[in-house]
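Heads up: the structure comes next, in structure tokens.
Note that these values count all heavy atoms, side chains included, but never hydrogens, waters or copies made by symmetry. A note on names: the letters A, B, ... follow the listed sequences, proteins ahead of strands, and every chain is numbered from 1. None of the values given here were measured: they were computed from a predicted structure.
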Amino acid sequence: MALHSIRSEPAAPTARRSGTEGRQALLVTCRAMTPADTAAAPAARKGALTPRAEDFPRWYQEVVARAELADNGPVRGTMVIRPWGYAIWERLQAALDERIKAAGAENAYFPLFIPESYLKLEAEHVEGFSPELAVVTHAGGRQLDEPVIVRPTSETVINSFIAKWVQSYRDLPLLLNQWANVVRWELRPRVFLRTSEFLWQEGHTAHATEAEARDYALEILADVYRSTMLDVACVPVLTGHKTTRERFAGATRTWTCEGMMGDGKSLQMGTSHELGQNFAKAFGIQFSDAQGTQQYAWQTSWGASTRLIGAIIMAHGDDFGLRLPPSLAPLEVVVVMVKDDDDVRREAAHLVSTLTELGHRVRLDDRTDTGFGRRSVEWELKGVPVRVEVGPRDLAEGNVTLVTRHTRQKATVPLSGAVGAVVTTLGDVGHELRAEALEFRLGHTVAVATVDEAIEAGETGFATIALAALGDDGEDRLGAHAITVRCLQRPDGGLAEHDDEDDLVAVVGRSY
RNA sequence: CGGGCUGUGGCGCAGUUUGGUUAGCGCGCUGCGUUCGGGACGCAGAGGUCCCCGGUUCAAAUCCGGGCAGCCCGACCA
């Protein structure tokens with residue numbers, strides 16, 4: 001097996017909305033954890049995570065390991081997604097799948113192996129991907145006559161079939177999606193963010209007109225991607241279109257969702273492409289229109305991957321580990337038995353069953369032979385949104401302790417109101433995480449007038465600069481400082497109808 | 001592909017310059033006991049081809065030669 005490789009893209013756009021719904025006052029006392037709560041043990045510092053401010057990449061790797069999200073695979077650049085990480089993926093998958101279907105696309109599955117000749121049919125496409133391709137040259141004990149490529153994306157195979165299935169305008173639009181793994185050999189792998197093999201969803205559609213294809217690409221961008229990221233992952237994203245340089249190989253236009261991570265860098269979280277008639281012409285996707293004239297179809301393709309897990313880690317995580325919105329958390333609530341005591345066990349079990357009956361994902365932590373502190377740290381690392389601590393001391397007064405992960409606030413609540421308090425808190429978490437992430441981005445975004453200012457601002461966050469001020473050599477100058485244009489949008493953050501609009505703004509920054 | 005660095009129990013490391021016989025430490029792991037409302041402690045244990053091959057030597061984790069792997073920087077990056 002010989003190989004080469006490819007690449008991927010990132011993005012950065014607008015965000016808005018952060019709403020907080022009515023929340024009810026929590027009963028009783030609330031307090032922030034004091035240093036004594038966390039640093040009490042002399043060894044506390046030892047097993048703790050490297051602070052984000054000290055070394056963000058290291059912090060990221062530690063969170064991935066300690067929250068048991070993933071491990072590195074035996075082949076460089078590959079990853080093993082562990083149960084806790086995979087459960088988050090399953091929830092993201094469900095949210096995306098539901099929206100994709102609502103947009104009218106149907107799931108199907110195409111082969112992992114693609115004839116090398118297919119890749120070569122679209123010039124820009126091959127050129128873009130060839131450096132990242134994994135190519136099978138031997139199989140069945142002998143050299144293959146035609147090398148087989150492990151799909152880096154499926155435009156070629158899928159379009160070869162769409163060509164076969166589309167004859168008439170009545171067959172359009174054809175809206176397909178597939179859940180699959182793809183391979184793009186990476187020189188600089190980073191778990192979830194950039195691995196040689198990853199899981200994703202790729203949509204491929206064919207339409208009768210350019211306008212319809214564009215509308216669909218935008219519908220996916222907004223109603224599938226932006227919605228999942230904002231409403232489910234609680235990560236505000238900027239949406240806009242890519243510059244020619246950052247465009248998908250073979251596309252006429254690439255739309256992106258860019259989120260800001262905790263270190264001010266941008267992560268491209270999902271892209272939707274207008275393919276024009278490039279692939280239709282390469283693969284012969286033609287149809288007879290109502291007048292009986294042969295026409296080439298207009299197409300789109302769009303994808304979002306396990307990279308989103310990385311986005312959630314980096315957009316929400318803090319120095320104590322992962323912080324998950326309830327919508328994605330494998331467990332929304334953990335009821336921790338502080339001590340093994342009959343009353344404690346009974347009340348804890350009762351809370352678990354009541355919350356479970358209400359439809360929440362809850363687990364009882366009855367490992368009382370393991371230290372309480374250790375268990376607290378463990379659930380905190382894993383990002384479980386709400387923890388209920390049930391112990392004899394509180395119970396004697398008819399209370400339990402409710403700990404909110406993202407704020408690390410502890411509240412003592414009456415046993416009788418515990419379920420209500422948990423449900424209320426769960427309802428607030430997502431909004432608060434979203435608002436916090438948005439506030440962070442806004443606080444790290446600055447409007448500038450010159451490329452030099454953009455370079456400076458790009459070191460710590462995003463800079464917005466008029467496309468006109470960026471100039472023809474702007475991207476080159478930014479590139480020299482590892483800064484790229486994440487996306488182009490209108491001054492108000494809206495999507496541009498045309499690339500040549502006068503007042504377009506470029507959002508620039510460093511990226512993953 | 002260019003430059004620098006590193007390979008020692010599961011993880012992180014010391015030891016290598018000045019070869020020396022039982023290869024250490026922290027974390028983690030197992031057992032017992034005391035603990036256990038924020039990463040507990042004591043005692044007792046388990047766990048290692050010191051990256052590989054070859055050479056030098058009475059003796060190699062340590063010295064020499066070659067190889068492999070990984071990391072960082074750069075380049076490159078749907």
Does [Y] have [X] sitting over its ring (NZ/CZ under 6.0 Å from centre, angle to axis within 45°)?
| X | Y | value |
| --- | --- | --- |
| Arg151(A) | Phe110(A) | no |
| Arg52(A) | Trp59(A) | yes |
| Arg307(A) | Phe198(A) | no |

(request) Would you please confirm or rule out a distance under 4.0 Å between OP1 or OP2 of rG28(B) and any side-chain N or O of Arg374(A)? (result)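 For rG28(B), OP1/OP2 do have a side-chain N/O of Arg374(A) under 4.0 Å.
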So [X], base contact, sugar-phosphate only, or nothing? Heavy-atom distance under 4.0 Å.
| X | value |
| --- | --- |
| Trp200(A) | base |
| Arg188(A) | base |
| Asp394(A) | base |

Whole-Å distance separating the [atom1] atom of [X] from the [atom2] atom of [N]:
| X | N | atom1 | atom2 | result |
| --- | --- | --- | --- | --- |
| Phe372(A) | rG39(B) | CZ | P | 9 Å |
| Glu378(A) | rG28(B) | CD | C1' | 13 Å |
| Lys382(A) | rG39(B) | NZ | C1' | 16 Å |
| Asp369(A) | rU30(B) | CG | P | 10 Å |

Taking the same atom, [atom1], in [N] and in [M], what whole-Å distance lies between them?
| N | M | atom1 | answer |
| --- | --- | --- | --- |
| rG70(B) | rC11(B) | C1' | 16 Å |
| rC5(B) | rC13(B) | C1' | 16 Å |
| rA14(B) | rA75(B) | C1' | 36 Å |
| rC58(B) | rC1(B) | P | 42 Å |
| rA59(B) | rG55(B) | C1' | 15 Å |
| rC43(B) | rA61(B) | C1' | 32 Å |
| rA23(B) | rU62(B) | P | 14 Å |
| rG48(B) | rG12(B) | C1' | 16 Å |

(message) Are the side chains of Thr404(A) and Pro385(A) in contact, using a 4.5 Å heavy-atom criterion?
(response)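 Counting from C-beta outward, Pro385(A) and Thr404(A) never come under 4.5 Å.
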Could you identify the nucleotide paired to [N], looking across every strand shown and requiring Watson-Crick or G-U wobble geometry with both distances under 3.5 Å?
| N | value |
| --- | --- |
| rG42(B) | rC32(B) |
| rG2(B) | rC73(B) |
| rA61(B) | none |
| rG10(B) | rC27(B) |

(message) With a 6.0 Å cut-off on the ring centroids, do His207(A) and Trp298(A) count as close?
(response)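 Ring-ring flag for His207(A)/Trp298(A): false, centres at least 6.0 Å apart.
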